[in-house]
Amino acid sequence: MSWLDNLPFGLTPEQVIILLALCSALLTVMAFWSALVQRNPLASKARQLVERRLMLKAEAAGGRTQTADKAVSVMRDVVTRLNLLRSQHADRMSKKLARAGWRSHDAMVAYLFAKATLPIGAALIMALLLLFGDIGGGLQSRQLIIAGGVVLLCAYLPDIFVKNAADKRRKKLRKALPDGLDLMVICAEAGLSLDASMQRVASEFGRSQPEYADEMALTSVELGFMPERRQALDNLSARTDLPGMRGMVNTLLQTEKYGTPLAQSLRVLAAELRHERLMKAEEKAARLPAMLTVPMILFIMPPLFVILLGPAGLSVVDGLKGIGFGGQ
């Protein structure tokens, strides 16, 4: 019992027993916690995907990476100090940015930074112009209207930019969807699974249709590591916000649920989408004469009248002048 008399920090044997009991209780709680808590395998895999994508972007950017990183860090500091990432507007815009093809955290930071700083910068510039310059012809009310319009335009400029980018990307996806479905039909008839078919489509469409290839590659990855395949397909439908893509997702879900042939379902859907694309082209062609009516009246008919009626009008003028001279 001599070693019990030389315990460190002046501890007594009773206190040592209490500490050991607390440590054992803490270890027991941690063991039960790690055994009962459901682990999420998506976090590490998603982090690896993000790191891989950032590495590829860094290799493609080359020497501009350091400058871009500095700019992003400055924007991130401003957005963090203003606490903009936790707003409800940020949650809504994350989906819109994803539909435009920008799914990284830096894209959200850049959008929020532009949304916060552009109106302030425009207001400051307009204030300086009103104080030291002359805009709008010198009228005070007109100056204020112009300044307010510029500030309002700068406030909505990021939203307009994101909306236009999303619309352009949606049109490219709509154009590539029938061809992608045809290739998926070939892959399904060859015996490939849905994951392998999407990966094959992504590799084949990487150069011609990079937007469609990006969506297929991301969906293929999500199908591989998400606990439910339905969630990955629903994510594809939410990211694209395209009726044809929603039809493809519903067809794939129905195929997995009821066991219908995948190749036959995709072939029917591809034929419908191709017919829909043809109908849209015919609709644009039928609407073309009505759209050309106003330009024809403004820019084609006046020169035509001048060419056709000009010589006759000059002849009439010369004839009238000759009659007038004969009378004198």
Side-chain angles (χ1 to χ4, degrees), residues 42-43 46-47 49-136 139-173 210-211 214-215 218 235-242:
L42 306 181
R47 184 168 59 251
L49 290 174
V50 171
E51 291 175 356
R52 176 63 177 168
R53 179 174 292 178
L54 291 177
M55 184 180 66
L56 293 176
K57 287 183 178 180
E59 292 177 357
R64 298 174 296 175
T65 305
Q66 295 181 355
T67 305
D69 290 341
K70 291 181 181 179
V72 170
S73 63
V74 172
M75 291 188 292
R76 187 181 293 110
D77 293 338
V78 174
V79 170
T80 304
R81 290 181 180 180
L82 295 177
N83 199 17
L84 297 177
L85 289 173
R86 298 181 180 179
S87 61
Q88 296 180 355
H89 182 68
D91 296 336
R92 292 193 301 268
M93 283 307 302
S94 62
K95 297 180 180 179
K96 295 182 179 180
L97 290 173
R99 292 170 184 172
W102 303 315
R103 291 184 287 270
S104 64
H105 183 71
D106 294 339
M108 176 59 69
V109 170
Y111 168 79
L112 293 176
F113 179 81
K115 188 72 173 177
T117 56
L118 279 180
I120 298 175
L124 292 176
I125 293 174
M126 288 295 104
L128 292 176
L129 290 177
L130 288 174
L131 291 176
F132 302 102
D134 185 14
I135 60 174
L139 294 177
Q140 189 68 22
S141 59
R142 187 178 299 177
Q143 290 178 352
L144 293 177
I145 291 174
I146 294 175
V150 171
V151 173
L152 188 63
L153 177 62
C154 291
Y156 285 98
L157 191 61
D159 296 329
I160 296 173
F161 182 76
V162 172
K163 185 178 182 301
N164 290 336
D167 292 339
K168 291 180 181 179
R169 192 168 187 270
R170 193 179 295 111
K171 290 179 181 178
K172 293 179 180 179
L173 290 173
E211 294 83 7
D214 182 35
E215 293 294 340
L218 183 58
N235 290 340
L236 173 63
S237 178
R239 284 195 309 268
T240 56
D241 191 24
L242 196 63

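Nothing fancy with the numbering, it's 1 onward along the sequence.
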**Request:** Of all the heavy-atom pairs spanning Ala122 and Val151, show the shortest one and how long it is.
**Result:** C-CG2, 4.0 Å

**Item:** Evaluation steps, side chain to side chain contact (heavy atoms under 4.5 Å, CB included), between Glu215 and Leu242
**Value:** CA-CA 12 Å; Glu215 293 294 340; Leu242 196 63; over 6 Å; no

**Asked** At what distance, to the nearest 0.5 angstrom, does CG of Leu153 lie from CD1 of Ile160?
**Response** 6.0 Å

**Asked** Just by distance, do the side chain of Arg99 and the backbone of Ala238 share a donor-acceptor pair under 3.5 Å?
**Response** yes

**Asked** Between atom NZ of Lys96 and atom CG of Asp159, what is the distance when rounded to the nearest 0.5 Å?
**Response** 6.5 Å

**Asked** Atom OG1 in Thr240, atom CG in Asn235: separation rounded to 0.5 Å?
**Response** 10.5 Å

**SB check Lys168 Glu211 (cutoff 4.0 Å)** = no

**Request:** Could you tell me which residues satisfy side chain to side chain donor-acceptor pair (under 3.5 Å) with Asp241, sequence neighbours excluded, listed by chain and number?
**Result:** Arg246

**Asked** Looking only at heavy atoms, which two atoms of Val162 and Ala100 are closest? And how far apart?
**Response** O-CB, 4.0 Å

**Message:** For Ala155, is there any backbone N or O sitting under 3.5 Å from a side-chain donor or acceptor partner on Lys115?
**Reply:** yes

**Electrostatic pair Lys163:Asp167 at N-O distance under 4.0 angstrom** = yes

